[in-house]
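Read the structure below first, then the notes.
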Amino acid sequence: GLRDHREFYNTEASKLSKLAKENYMVGPNEAVVRNRAFAGQVMPKAIAKKVESYVRPEINPIIKGAASLSAISRTLGTTIDWGWIGIQGVLLAHTRPVIFARAVKNMFQSTFSANVVRRYFANPETRAAAEEGIRYGLHLDETAEMVEAARRGAPLEKFIRGIPVAGRVLSPTMEGFQRAFTFAGNYARIEMWQAMRPMIAAKYGDNVADATKGLEELADFINKGTGVMSTRQLGISPAQQAVESMMLFSPRYTRATIGLFSDTLQGGMSGQLARNSLAKLISVGVVWYTALSYATGEEPKLDPRPSENGGDGAKFMTIKIAGTNVGIGGNILSLIRLQAHVLATLDDDPSAFANVLDTKDQPFSRYLRGKMSPLGSAGIDIATGKTYIGESTLDSPMHFLANVVRPRMIPFWAESVLFESPTGGPGLSGEFFGARTFPVSLWDKRNEVRQSVTEEYMKETFPENAE
């Protein structure tokens, strides 16, 4: 197995390292990396130490264990659904709708059959495009970040497979959704590469150096636009990856989205692609959302500022369906709201930036609190005695189980259907496909009734700021 191969390589590396030291007097500032790929090579100690941190990472067992627990909880929340559609697929849906539609179709089909994936990669054109894209930095997942704990052989997968009777159903079900989530992203990136690559050839022609740079920037844009980045290519050590996984819900996805927004300030192909795609997302998104709002008899909610600053807050780009607010989700929307919160705070109360512990009024702290891993957010919820949205966690054992334990042990859609959505349907359909859902509050229901009665009997609207 893989463990036997690893032991063999390490043994051989140790032998070759020993041979290198015997044939060459290693100086006090030199060292040999204990890895077969570098065996026999003597290099400066600082470089050898850095190289060894990647090929033989020593990760603190506590951090490694915490990262694994976060991965398990993240997988439990995101595996049994088709959430890629409303999260990682949002930008693609607004910029390349045909590719998006084909990716969704293949995602559905691959949920129930691994042959869909095999047939796709058996196509010579697909393999050639994938291999070329990878050479320029295109990232293809073996297992997507969101569902990594569901991969075959992972502790969670082994545990579920070992459950008597139920494991025979749950294990292949989780494997199917994990395969679908991963394949949707890989399919989208390969198809985008094939569709957009000719643009580079047309722009740079025979200029090899510029064409190479353009292809690398194209691969980088496609990665970020579909919510992935190779942390290894970025030079991030396994130890740092473990820390990030322990602290953040989806570090690679978060980094990719922030990188996409950052690229809008850059020149070259990266900046052009980022600006064009986000502009298209915003313009197309506003048009369809506004049309849908008016079609359902609602006023569009297009102010991303927090409600405390006069904006629509969490209701930004949502509509009410059967007592539940439903809207698109994902990091792109979160970053738009973050920028609006920053600008509103600069205008209303710049001193709020100084209080980094205030996760309500400090924009960056509020954003990071919402992006924390299951384990990290649980720690803060316990330390502060309340959840991100203000629900109590420590005043009773039932509240602890309901607000700390349960949300981190079941799929998001199940939490919404069983415990949040008053009718079940909108929560299920929304969360299952990656949308944001939350119940219409009693306060909002009161306002709606009051407004309706006022309009019916007084033929006028109720004052907006009246209590």
For Leu357 and Gln362: C-alpha separation, side-chain torsions, deciding distance, then whether side chain to side chain contact (heavy atoms under 4.5 Å, CB included) applies. CA-CA 8 Å; Leu357 298 179; Gln362 215 283 1; over 6 Å; no
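- No side-chain heavy atom of Tyr253 sits under 4.5 Å from any side-chain heavy atom of Val228.
- For Tyr187, the side chain to side chain donor-acceptor pair (under 3.5 Å) criterion is met by Arg102, not counting sequence neighbours.
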Walk me through whether Asn403 and His399 qualify under side-chain hydrogen bond (donor to acceptor under 3.5 Å, both in side chains). CA-CA 6 Å; Asn403 298 327; His399 280 165; 5.1 Å; no
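- A side-chain donor-acceptor contact under 3.5 Å links Asp358 to the backbone of Lys360.
- Other residues, nucleotides and ligands contribute only 12 or fewer heavy atoms inside 6.0 Å of the CZ atom of Phe159.
- Closest approach of Thr173 to Val169, counting heavy atoms only: OG1-O, 2.6 Å.
- Taking the six-membered ring where the residue is Trp, the centroids of Phe412 and Phe432 are separated by 6.0 Å or more.
- Comment: Glu244 engages Arg255 in a salt bridge, judged by a side-chain N to carboxylate O separation of less than 4.0 angstrom.
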Between Phe181 and Met107, is a side chain to side chain contact (heavy atoms under 4.5 Å, CB included) present by the stated rule, with each step listed? CA-CA 7 Å; Phe181 199 111; Met107 182 183 66; 5.9 Å; no
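- Taking CZ from Phe221 and CG from Leu260, the interatomic distance works out to 6.5 Å, rounded to the nearest 0.5 Å.
- Here the two rings, on Phe433 and Trp84, have centers that are 6.0 Å apart or farther.
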Pair Phe364-His341, side chain to side chain contact (heavy atoms under 4.5 Å, CB included): steps then yes or no: CA-CA 9 Å; Phe364 298 105; His341 192 182; over 6 Å; no
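- A heavy-atom distance below 4.5 Å is found between the side chains of Arg197 and Trp193.
- The shortest distance between side-chain heavy atoms of Lys301 and Glu298 falls below 4.5 Å.
- More than 12 heavy atoms of other residues, nucleotides or ligands sit less than 6.0 Å from atom CE of Met372.
- Under a 3.5 Å cut-off, the side chain of Ser365 and the backbone N or O of Val356 do form a donor-acceptor pair.
- Here the straight-line distance linking atom CD1 of Ile99 with atom CD1 of Ile190 works out to 11.5 Å at 0.5 Å rounding.
- Judged purely by atom type and a 3.5 angstrom limit, Ser373 has no side-chain atom pairing as donor or acceptor with the backbone of Phe249.
- Contacts of Glu157 classified as side chain to side chain donor-acceptor pair (under 3.5 Å), with partners at least two apart in sequence or in another chain: Arg161, Ser171.
- Of the charged side-chain nitrogens involved, none lies within less than 4.0 Å of a carboxylate oxygen, so that Glu142 and Arg151 do not count as a salt-bridged pair.
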Full working for side chain to side chain contact (heavy atoms under 4.5 Å, CB included) between Phe400 and Val405: CA-CA 7 Å; Phe400 181 81; Val405 179; 3.6 Å; yes
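- Smallest separation of non-hydrogen atoms from Arg179 and Thr111: NH2-O, 3.3 Å.
- Separating the CD atom in Gln194 from the CD atom in Glu132 is a distance of 9.5 Å, to the nearest 0.5 Å.
- Between the side chain of Arg127 and the main chain of Ala122, a donor-acceptor pair closer than 3.5 Å is present.
- With values rounded to the nearest 0.5 angstrom, Ile87 atom CD1 is found 9.0 Å from Asn331 atom CG.
- Inter-residue side-chain proximity for Asp141 and Glu145 is flagged as unmet; no heavy-atom pair is nearer than 4.5 Å.
- Pairs passing the side-chain hydrogen bond (donor to acceptor under 3.5 Å, both in side chains) check and including a residue from residues 257-270, sequence neighbours excluded, read Lys224-Asp263.
- Counting non-hydrogen atoms of neighbouring residues, nucleotides and ligands closer than 6.0 angstrom, the CG atom of Leu265 exceeds 12 such neighbours.
- Proximity of Asp220 to Ile222: side-chain heavy atoms (C-beta onward) are nowhere separated by under 4.5 Å.
- Within the model, atoms NZ of Lys203 and CG of Leu218 stand 11.0 Å from one another, a figure rounded to the nearest 0.5 Å.
- With hydrogens and angles ignored, the 3.5 Å screen pairs a side-chain donor or acceptor of Ser73 with a backbone N or O of Arg408.
- Ser245 has its side chain within reach of Arg74: a pair of non-hydrogen atoms, C-beta onward, lies under 4.5 Å apart.
- Under a 3.5 Å cut-off, the side chain of Thr296 and the backbone N or O of Ser293 do form a donor-acceptor pair.
- When all heavy atoms of Leu140 and Asn186 are compared, the closest pair comes out as CA-OD1, 3.3 Å.
- With hydrogens and angles ignored, the 3.5 Å screen pairs a side-chain donor or acceptor of Asn223 with a backbone N or O of Ala219.
- The nearest pair of heavy atoms linking Pro304 to Ala340 is CG-CB, 3.5 Å.
- One N or O on the side chain of Thr78 and one on the backbone of Met146 form a donor-acceptor pair closer than 3.5 Å.
- The NE2 atom of His139 sits 6.5 Å away from atom CZ of Arg189, with the distance rounded to the nearest 0.5 Å.
- Side-chain atoms of Thr95 do not come within 3.5 Å of backbone N or O of Ser277 as any donor-acceptor pair.
- Using a 4.5 Å heavy-atom cutoff, the side chains of Tyr289 and Leu302 are in contact.
- Closest approach of Gly227 and Ala256 over heavy atoms only: C-CB, 3.8 Å.
- The 12-atom threshold is not exceeded at CZ of Arg168, counting heavy atoms of other residues, nucleotides or ligands nearer than 6.0 Å.
- Salt bridge annotation for Arg152-Glu175: present, with a cationic side-chain nitrogen under 4.0 angstrom from a carboxylate oxygen.
- The two atoms that bring Ala188 and Leu92 nearest to each other are CB-CD2, 3.6 Å, heavy atoms only.
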Worked verdict on Lys320 versus Glu299 for salt bridge (charged side-chain N to carboxylate O under 4.0 Å, His left out): CA-CA 11 Å; Lys320 288 193 287 289; Glu299 193 70 24; over 6 Å; no
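- In this structure, Lys371 places its NZ atom where more than 12 heavy-atom neighbours from other residues, nucleotides or ligands lie under 6.0 Å away.
- The shortest distance between side-chain heavy atoms of His94 and Leu91 does not fall below 4.5 Å.
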How far apart are the C-alpha atoms of Tyr120 and Glu191, what are their side-chain angles, what is the distance that settles it, and do they pass the side-chain hydrogen bond (donor to acceptor under 3.5 Å, both in side chains) test? CA-CA 11 Å; Tyr120 179 71; Glu191 294 297 311; 2.7 Å; yes
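- Salt bridge Asp381/Arg369: present, at least one basic N to carboxylate O contact under 4.0 Å.
- Formation of a donor-acceptor pair under 3.5 Å by the Glu217 side chain with backbone atoms of Met269 is found in this model.
- Counting non-hydrogen atoms of other residues, nucleotides and ligands closer than 6.0 Å to CE of Met409 gives a total of 12 or fewer.
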